[in-house]
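Notes follow once the structure below has been shown.
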2 protein chains.
Amino acid sequence: MNRERLKGHLDLLLLSVLTAGPAHGYSVISELRRRSEGTFDLPEGTVYPALHRLEDAGLLSSSWATADGRRRRVYALTAPGAAALAAERTEYRHFTRGIQAVLGWSA
Amino acid sequence: MNRERLKGHLDLLLLSVLTAGPAHGYSVISELRRRSEGTFDLPEGTVYPALHRLEDAGLLSSSWATADGRRRRVYALTAPGAAALAAERTEYRHFTRGIQAVLGWSA
DNA sequence: CTTGACGCCTAGTTAATCTAGGCATAGGGT
DNA sequence: ACCCTATGCCTAGATTAACTAGGCGTCAAG
């Protein structure tokens with residue numbers, strides 16, 4: 001997948017994964033890869049800064065956890081985050097409708 | 001429409017518009033706005049450089065025309081351009097399938 | 001004791017798009 | 001005459017999202 005295509009859609013993906021429940025960064029990456037069947041195999045350098053940004057924006061909250069001697073930062077969707085996700089979904093649909101209209105796809 | 005979302009999809013849109021026949025830059029912008037019902041209202045500073053890039057890549061060919069005392073550069077899809085468009089469409093579908101899979105949309 | 005999976009992080013780079021201007025013709029309004 | 005808008009083209013530089021390329025550390029397997 002051409003990376004440029006992802007731009008502007010990353011937050012949608014991250015917030016979406018976290019609707020299933022709190023998760024740490026590494027597992028978010030795995031889950032994204034698993035759900036998309038390899039289409040979205042994002043480097044850590046993409047995901048971690050994005051999670052930090054979303055937390056700074058108040059859309060996620062995080063806390064440290066330890067499992068098997070490894071420390072993890074676990075992220076959870078906040079109420080504003082859920083609202084932002086809903087907005088992202090709406091915008092995404094708007095976007096795809098626009099593309100389809102231009103392409104002449106009735107779908 | 002958040003502009004970031006467009007990134008990586010611009011070529012798809014431009015090439016798509018030109019499947020309807022040759023057109024000049026300004027009309028491509030209008031057509032994009034019309035077909036998408038205002039969703040894609042792109043600044044000239046976005047479209048003109050993109051058309052130049054596509055022409056440099058051999059996906060478009062251009063020629064000057066004059067109408068009503070105004071000069072226009074008319075762009076037409078080349079054979080490689082049509083092939084690139086087909087590839088773009090496939091990649092776009094791949095992209096949307098990935099998103100939908102992550103969002104849990106069966107669509 | 002090295003390799004790989006797990007797990008986190010960030011400084012600097014890249015590159016696509018946008019901003020903000022410039023230039024020119026035509027026509028309508030005042 | 002003058003200005004404004006629509007039409008039509010262009011580009012240098014700014015913006016900014018995502019990526020590259022590293023770093024650090026734990027643990028289990030071979």
Side-chain angles (χ1 to χ4, degrees), chain A residues 1-15 17 22-34 39-57 59-60 62-75 88 91-92 95 98-99, chain B residues 1-15 17 22-34 39-57 59-60 62-75 88 91-92 95 98-99:
Chain A
M1 172 59 50
N2 177 4
R3 298 84 100 224
E4 314 303 334
R5 288 206 137 75
L6 184 66
K7 295 201 181 197
H9 303 276
L10 180 58
D11 293 1
L12 171 63
L13 293 177
L14 297 180
L15 295 173
V17 166
H24 60 283
Y26 203 85
S27 75
V28 168
I29 293 174
S30 310
E31 182 65 7
L32 227 32
R33 184 173 46 231
R34 190 190 66 76
T39 298
F40 301 128
D41 190 6
L42 307 183
E44 301 175 6
T46 293
V47 173
Y48 289 120
L51 290 172
H52 298 164
R53 181 171 44 76
L54 292 172
E55 183 176 15
D56 287 344
L59 307 185
L60 299 179
S62 79
S63 58
W64 285 102
T66 304
D68 304 318
R70 292 188 189 95
R71 60 204 245 291
R72 298 166 165 179
R73 191 195 279 272
V74 176
Y75 292 90
E88 288 274 355
E91 268 204 64
Y92 175 72
F95 170 78
I99 297 269
Chain B
M1 170 58 52
N2 178 5
R3 299 84 97 221
E4 313 304 335
R5 287 207 139 73
L6 184 65
K7 296 202 181 196
H9 303 276
L10 179 58
D11 293 1
L12 170 63
L13 293 176
L14 297 180
L15 295 173
V17 165
H24 60 284
Y26 202 85
S27 73
V28 168
I29 292 173
S30 310
E31 182 65 7
L32 227 32
R33 184 173 45 232
R34 190 190 66 75
T39 298
F40 302 128
D41 190 6
L42 307 183
E44 302 175 5
T46 293
V47 173
Y48 288 121
L51 290 172
H52 298 163
R53 182 171 42 78
L54 291 172
E55 183 177 15
D56 288 345
L59 308 185
L60 300 178
S62 79
S63 58
W64 284 101
T66 304
D68 304 316
R70 294 188 187 93
R71 61 201 245 290
R72 298 166 167 179
R73 191 194 280 271
V74 176
Y75 292 91
E88 288 273 356
E91 269 204 65
Y92 175 73
F95 170 78
I99 297 269

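Quick caveat, the model's predicted, so the values are computed rather than measured.
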Please report, rounded to the nearest Å, how far the [atom2] atom of [N] is from the [atom1] atom of [X].
| X | N | atom1 | atom2 | value |
| --- | --- | --- | --- | --- |
| A:Tyr75 | C:dG7 | OH | P | 14 Å |
| A:Asp41 | C:dA5 | CG | C1' | 14 Å |
| B:Leu14 | C:dT17 | CG | C1' | 12 Å |
| B:Leu32 | C:dC18 | CG | C1' | 15 Å |
| B:Arg71 | D:dA6 | CZ | P | 21 Å |
| B:Phe40 | C:dA16 | CZ | C1' | 16 Å |
| B:Glu55 | D:dC9 | CD | P | 13 Å |
| B:Trp64 | C:dA24 | CH2 | P | 14 Å |

- CA sep, side-chain torsions, deciding dist, call: B:Glu31, B:Phe40, side-chain contact (heavy atoms from CB on, under 4.5 Å): CA-CA 10 Å; B:Glu31 182 65 7; B:Phe40 302 128; over 6 Å; no
Would you check if [X] and [Y] make a side-chain contact, meaning some heavy-atom pair closer than 4.5 Å?
| X | Y | answer |
| --- | --- | --- |
| A:Asp11 | A:Arg53 | yes |
| B:Tyr75 | B:His52 | yes |
| A:Leu13 | A:Val28 | no |

- Where along nucleotides 11-22 of chain D does protein come under 4.0 Å, by heavy atom, of base (B) or sugar-phosphate alone (S), with - for untouched nucleotides? B-----BSBBB-
- Query: Does the pair B:Leu6 and B:Met1 meet the rule for a side-chain contact (heavy atoms from CB on, under 4.5 Å), with working shown?
  - Reply: CA-CA 9 Å; B:Leu6 184 65; B:Met1 170 58 52; over 6 Å; no
- Query: Between B:Glu55 and B:Arg73, which heavy-atom pair has the shortest distance, and what is it?
  - Reply: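 Minimum heavy-atom separation between B:Glu55 and B:Arg73: OE1-NH1, 4.1 Å.
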- Parallel, tilted or perpendicular: which fits the ring planes of A:Phe95 and B:His9, with parallel below 30° and perpendicular above 60°?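 Aromatic pair A:Phe95/B:His9 classed perpendicular.
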Hey, what are the protein-to-nucleotides 26-30 of chain D N/O distances that come in under 3.5 Å?
| residue | atom | partner | partner atom | Å |
| --- | --- | --- | --- | --- |
| D:dT26 | O3' | A:Gly69 | O | 3.3 |
| D:dT26 | O2 | A:Arg70 | NE | 3.3 |

- Please check if atom CG in B:Asp68 has more than 12 non-hydrogen atoms from other residues, nucleotides or ligands closer than 6.0 Å.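 For B:Asp68, atom CG is not crowded (no more than 12 foreign heavy atoms under 6.0 Å).
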- Quick one: is A:Arg73 getting a side-chain N or O under 4.0 Å of the C:dC9 phosphate, OP1 or OP2?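 Checking A:Arg73 against C:dC9: at least one side-chain N or O falls below 4.0 Å of OP1 or OP2.
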- Query: When rounded to the nearest 0.5 angstrom, what is the spacing between CG in B:Leu32 and CG in B:Leu10?
  - Reply: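 If we round to the nearest 0.5 Å, B:Leu32:CG and B:Leu10:CG are 8.0 Å apart.
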